[in-house]
Amino acid sequence: MDRLLSMEVFVAAVDMGSFTAAANAFRISPAMVSKHIAALERRLGAALLARTTRRQKLTEIGQKYYENCKLIIGHIANAEAGAEAMGSAPRGQLRVSASMWFGALTLAPVICDYLQQYPEVNIELSLTDRYVDIVDEGIDVAIRVGELKDSSLLARKISMFEVAVCASPDYIALAGKPETPEDLAHHECLGFTNWHSQGGWRLMQQQSGSKTGQMPRFESDNGQALRVAAIKGIGLIMMPKELLRQDIEAGRLVELMHDHLPPARPIHAVYPRERQLTPKLTSFVDFLVQALRH
């Protein structure tokens, strides 16, 4: 029995949680999955999985063997991707994840240009403002704003993220124009619920030493919803400048507090290490860097 295939089947059974799911992935029967794992156990002279009628659990030896198998399979995939990159054009499916605002306004037009240049690549774009685990969710590349913490992923800087604080002319006429972070305590500040605990308005006030004002009367996890509220005069908005640019130019929103904005932050394309050499991925990231460098 092919040892490498048996290792791949074993890893799939662990990752997917059942023999049936692994069998479906490899288009074989659950009994054949059992035979592959039994062959590995005979070769090692030790049990890899402790199985009951309801669940399966890795043994101590099985846990270590599973981790090593993952590394080996990853190295093989990396080697094959490198060989592919040497002699083939970008092709195949590419799964991309980005935030709602960046994906809809900035990334989607770039993707359209990329697809015209690389007709053999298909792209699935997933837009969400939640944190995406790209390994667990099978994402090839994700666009992330800010400093990166996960060192297990590779990253390439593609642009810079700038924010703007704005309000509608009607709001300013009614409530006045804030000049400093201290003034925010006397204004309605629209809340973006996906900011981390020290982000957004809190970050601006923390940098100035002032205190946070009243709780937002209107909060949302969607930037477009907050944009509409700002245009309607409900309160101040702090959002990516790109999201508000057309409204600023049209006079629907007015930029405020230029001298007190949080510093610009980098925007990165991040991707798993084992996928770094695929032509579709490298060509896509290169295209992003070229398109968004200004």
Side-chain angles (χ1 to χ4, degrees), residues 98-110 127-129 143-147 157-269 288-289 291-294:
S99 64
M100 295 286 291
W101 70 268
F102 186 85
L105 289 176
T106 303
L107 189 58
V110 176
L127 300 183
T128 177
D129 286 327
I143 309 303
R144 290 185 177 161
V145 176
E147 300 301 328
K157 180 180 171 183
I158 60 173
S159 188
M160 292 297 292
F161 169 86
E162 294 181 272
V163 300
V165 172
C166 296
S168 72
D170 288 344
Y171 177 88
I172 294 173
L174 181 65
K177 183 183 295 186
E179 302 288 348
T180 68
E182 289 81 358
D183 296 339
L184 295 177
H186 309 293
H187 284 268
E188 296 289 348
C189 297
L190 301 173
F192 183 55
T193 56
N194 282 358
W195 277 325
H196 61 78
S197 61
Q198 297 301 317
W201 302 113
R202 291 185 182 88
L203 176 61
M204 177 180 283
Q205 292 182 314
Q206 184 182 55
Q207 290 175 338
S208 69
S210 59
K211 296 182 179 180
T212 303
Q214 57 191 330
M215 292 292 293
R217 291 184 60 217
F218 182 45
E219 295 181 287
S220 177
D221 62 357
N222 184 278
Q224 289 291 356
L226 297 176
R227 169 184 162 271
V228 171
I231 292 172
K232 291 286 189 179
I234 302 301
L236 306 175
I237 186 172
M238 181 192 295
M239 274 285 144
K241 190 170 183 177
E242 192 65 28
L243 177 65
L244 307 175
R245 188 179 302 279
Q246 291 183 357
D247 297 310
I248 294 169
E249 293 173 352
R252 291 184 292 269
L253 292 174
V254 178
E255 284 191 87
L256 305 168
M257 303 175 65
H258 299 85
D259 295 334
H260 301 281
L261 296 176
R265 294 182 291 161
I267 301 176
H268 291 94
L288 287 180
V289 171
L292 302 177
R293 61 182 178 177
H294 299 305

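What you see below is based on every heavy atom in this structure, not just the backbone, and it leaves out hydrogens, waters and symmetry mates.
- Side-chain contact between E188 and F218: absent, with no pair of heavy atoms (C-beta onward) separated by less than 4.5 Å.
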Exercise for the section: I would like to know whether M257 and L184 meet side chain to side chain contact (heavy atoms under 4.5 Å, CB included); could you show each step before the answer? Expected result: CA-CA 10 Å; M257 303 175 65; L184 295 177; 4.0 Å; yes

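- Taking CZ of R265 as the reference point, atom CZ of R144 lies at 13.5 Å (rounded to 0.5 Å).
- Separating the OH atom in Y171 from the CG atom in L190 is a distance of 8.5 Å, to the nearest 0.5 Å.
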Practice task
Under the side chain to side chain contact (heavy atoms under 4.5 Å, CB included) rule, what do K177 and D183 come out as? Steps first, then yes or no, please.
Solution key: CA-CA 9 Å; K177 183 183 295 186; D183 296 339; over 6 Å; no

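- Contact annotation: the side chain of T106 never approaches that of I143 to less than 4.5 Å [non-hydrogen atoms, C-beta and beyond].
- Between F192 and N222, the closest heavy-atom pair is CE1-N, 3.9 Å.
- The shortest distance between side-chain heavy atoms of L236 and C189 falls below 4.5 Å.
- Across C166 and I248, no two heavy atoms sit closer than the pair SG-CD1, 3.8 Å.
- For the atom pair CG of D221 and OG1 of T193, the computed distance is 4.5 Å after rounding to the nearest 0.5 Å.
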Practice task
Start with the C-alpha distance between L107 and L288, add both sets of side-chain angles, then the distance that settles side chain to side chain contact (heavy atoms under 4.5 Å, CB included), and finish with yes or no.
Solution key: CA-CA 8 Å; L107 189 58; L288 287 180; 3.5 Å; yes

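- With W201 contributing its side chain and P181 its backbone, the two residues share no donor-acceptor pair below 3.5 Å.
- Looking at F161 and V163, their side chains come closer than 4.5 Å, going by heavy atoms from C-beta outward.
- Annotation for E162: atom CD does not count as buried by contact number, only 12 or fewer foreign heavy atoms lying within 6.0 Å.
- Going from atom CD of E179 over to atom NE2 of H258 covers 10.5 Å, rounded to the nearest 0.5 Å.
- Scanning all heavy atoms of the two residues, the minimum distance from E255 to A164 falls at OE1-CB, 4.1 Å.
- A pairwise comparison of heavy atoms in A167 and I172 identifies CB-CG1, 4.0 Å as the closest pair.
- The two residues S168 and I231 have their closest heavy-atom pair at CB-O, 3.7 Å.
- Interatomic distance, S159 OG to H268 NE2, rounded to the nearest 0.5 Å: 11.0 Å.
- When side chains are defined from C-beta on, I234 does not count as touching L226, because their heavy atoms never get closer than 4.5 Å.
- M160 and P266 get closest at one heavy-atom pair: SD-CA, 3.7 Å.
- Note that CD1 of I237 and CG of L244 are 5.0 Å apart. Values are rounded to the nearest 0.5 Å.
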